[in-house]
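Just so we're on the same page: letters track the sequence lines, and every chain starts at 1. Being a predicted model, the structure only gives us computed values, none of them experimental.
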Amino acid sequence: MPELPEVETVRRDLAPLVSGRRIQRFIVFEGGERVLVGAPKDYVRSRLEGMQIGELGRRGKYLVLPLVEARSGAGEGSLVLHLRMTGSLKHRRADHEADRFERARIELDDGTALRFCDVRKFGTFEIIDDVDTYFSEKLGAEPLTAAFTLDALWSALRGRQSALKSALLDQSNVAGLGNIYVDEALFLARLHPSVPAGSLRPAERAALHEAIEQTLREGIEHRGASFRDYRDGKGEEGSQQFFVRVFRRTDQPCDTCGSTIRRSVVGGRSSHWCPSCQPVGQTRRKVNSSRRG
DNA sequence: CGTTACCTGAAA
DNA sequence: TTTCAGGTAACG
C-alpha cells in the first residue's frame, strides 16, 4: 500500500524525531515474528539495542534506519523496513495507549517509541549490513533523483512485451511505483495500461517519464493517499485520495473530458483509465522493433 | 508470463 | 457470505 510518496512522507515526519536518538529497547508483540522474516528476534534485538539511529533514509518503498555505534560512530548496518499493504510506523510516547495490531516497537532514549502496526503482517524488518548492494540487486532507478533519467527508464522498458503497467509495478525497473501512482502516471502520459512496455515511441517515453515524476511529486505534496489504511508518521491521513484522476474512480466522469472512467484487470491488478484521455496503446499489440518499413 | 500464497478486516 | 485491498515472492 504505501508507495513512494507515502513512505517519503513517513520518512520526513520521523527523521527529526528519531535521527540521533539511541535505541533503548526493541519489543516484538504477537504476530511480530513473521515481520522479522525468519531472523530470530533475539538477534534483531541485539543488533538494535544500544545503537544510535543515523539519518533516516528511503529507497523506493523501503525505509532505512542506519545503525551507528554511539561511541565510535561506526556504521553497524541498517534496519530496513517495508510497510507492504497495511503497515504503518508511528512516533508516539512510549507510554501512549497500545495501538491495535502493533507488531513491534522501538523505544528511544527520550521516552518516545516507533510503533510498527500491521493488520496483515506482510510488512518486513530486516537488518542489512550493506544496503547499497541489497538495493542495487532488487531495485531499479530511484525517481525524483538524478539517476532517474529518460534513458534509465527506457533501458528498463525496452524489449519488454509485457503490459506497461506490469513493467512499471516491477520494482526492479523503477523503484517506488505502486498501483495508485502507476494508474495516475499512465493517465497523465495518456497511455493505456495494457500497451506493450517496449513499444513506446520516443515522445511517449518522454511523456511517461515526466508523468511519473509529476504524479509522485504531487503525492508527496499531499502527504500521500489514505484510501484506507495508510497513515503518516503522526498517525494522520494524507489527502492525495482527493486529487486522483482515475484511481478507484470507476464509472465516474473523467474531470478532463467527461468520459466514463473504466476499470480492468491488468497483470492481476485493478487498473483504472479513461478511454478517451488514454488512447495510446489501446489497440497496439506487439513490440515493433523488428518490424520493417 | 500469469496465477497463487501470504494475512486480516472492511465493504459489497 | 463473498469479494476486495495501496505489495511482493514463489510458483508452474
Side-chain angles (χ1 to χ4, degrees), chain A residues 1-10 29-38 58-63 80-89 99-104 116-126 134-135 137-140 157 159-187 193-199 215-216 218-220 222-232 237-251 263-272 285-287:
Chain A
M1 68 98 237
E3 307 179 28
L4 187 155
E6 287 74 31
V7 180
E8 176 62 14
T9 300
V10 171
F29 297 103
E30 186 205 332
E33 284 85 356
R34 155 167 293 281
V35 168
L36 305 182
V37 284
R58 179 189 57 74
R59 178 80 162 86
K61 303 173 189 174
Y62 291 85
L63 258 185
V80 174
L81 312 186
H82 198 301
L83 303 175
R84 295 287 184 100
M85 297 286 272
T86 54
S88 68
L89 194 65
D99 284 336
R100 203 180 169 198
F101 307 120
E102 188 169 351
R103 306 299 181 192
F116 176 74
C117 305
D118 189 355
V119 171
R120 294 172 76 178
K121 296 183 265 191
F122 288 169
T124 58
F125 273 45
E126 291 179 281
Y134 178 78
F135 288 137
E137 285 170 357
K138 54 172 39 179
L139 298 179
L157 300 179
R160 296 187 178 264
Q161 299 256 93
S162 64
L164 177 57
K165 167 151 184 172
S166 304
L168 293 174
L169 286 174
D170 182 339
Q171 303 296 296
S172 68
N173 290 149
V174 180
L177 291 171
N179 214 24
I180 300 174
Y181 296 94
V182 165
D183 278 6
E184 294 296 303
L186 291 173
F187 174 86
S194 298
V195 66
S199 75
T215 195
L216 292 175
E218 189 181 299
I220 293 170
H222 291 135
R223 302 185 54 76
S226 294
F227 281 95
R228 194 164 162 171
D229 301 291
Y230 166 71
R231 297 294 182 272
D232 65 23
E237 297 185 0
S239 63
Q240 178 63 19
Q241 67 275 21
F242 301 123
F243 297 90
V244 291
R245 295 162 176 85
V246 289
F247 186 78
R248 291 207 197 171
R249 296 197 61 229
T250 312
D251 295 336
R263 174 186 181 278
S264 53
V265 175
V266 178
R269 309 296 301 278
S270 261
S271 302
H272 313 77
R285 294 287 174 212
K286 285 189 174 178
V287 175

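Nucleotide dA10(C) holds its P atom 14 Å from the CG atom of D170(A), rounded to whole Å. In this structure, CZ of R263(A) is placed 13 Å from P of dT3(C), rounded to the nearest angstrom. Whole-Å rounding puts the R59(A) CZ to dT8(C) P distance at 13 Å. Atom CZ in F247(A) sits roughly 8 Å away from atom P in dG7(C) (whole-Å rounding). Counting to the nearest Å, the C1' atom of dA5(C) and the NE2 atom of H272(A) are 11 Å from each other.
Residue N179(A) has its side chain nearest to dG7(C) when only dG7(C), dT8(C), dA5(C) are considered.
Looking at E184(A), its side chain does come within 3.5 Å of a backbone N or O of F247(A) through a donor-acceptor pair.
For T86(A) and D229(A), the side-chain atoms include no donor-acceptor pair closer than 3.5 Å.
Base engagement by D229(A) is indicated by at least one non-hydrogen atom pair under 4.0 Å involving a base atom. Among the heavy atoms of the strands lying under 4.0 Å from S270(A) are primed sugar atoms or P, OP1, OP2 only; no base atom is included. Within the 4.0 angstrom heavy-atom criterion, no nucleotide atom of any strand lies near Y181(A).
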* side-chain hydrogen bond (donor to acceptor under 3.5 Å, both in side chains) evaluation trace for E6(A) with Y181(A) -> CA-CA 11 Å; E6(A) 287 74 31; Y181(A) 296 94; 2.7 Å; yes
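With DNA chain C read from its 5' end, the first of the two nearest nucleotides for Y62(A) and E3(A) is the one closest to E3(A).
Not one side-chain nitrogen or oxygen of Q171(A) sits closer than 4.0 Å to the OP1 or OP2 atom of dG7(C). OP1 or OP2 of dT8(C) has not a single side-chain nitrogen or oxygen of K138(A) nearer than 4.0 Å. Taking 4.0 angstrom as the limit, H82(A) places a side-chain polar atom (N or O) nearer than this to OP1 or OP2 of dT8(C).
With both ends at atom C1', the span from dC6(B) to dT1(C) equals 22 Å, rounded to whole Å.
Stacking between F122(A) and dC6(B) is shown: the ring centroid lies under 5.5 Å from the centre of the six-membered base ring, and the planes differ by under 30°.
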Expected rows: protein N/O vs nucleotides 8-12 of chain B N/O, under 3.5 Å:
from    : atom 1 : to      : atom 2 : distance (Å)
dT8(B)  : OP1    : K121(A) : NZ     : 2.8
dG9(B)  : N2     : R228(A) : NH2    : 3.0
dG9(B)  : N3     : R228(A) : NH2    : 3.3
dA10(B) : O4'    : R228(A) : NH2    : 2.9

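Checked for salt-bridge contact, K121(A) and E33(A) miss the test: no charged N lies under 4.0 Å from a carboxylate O.
Listed here is the closest heavy atom pair of A175(A) and L139(A): CB-CB, 4.1 Å.
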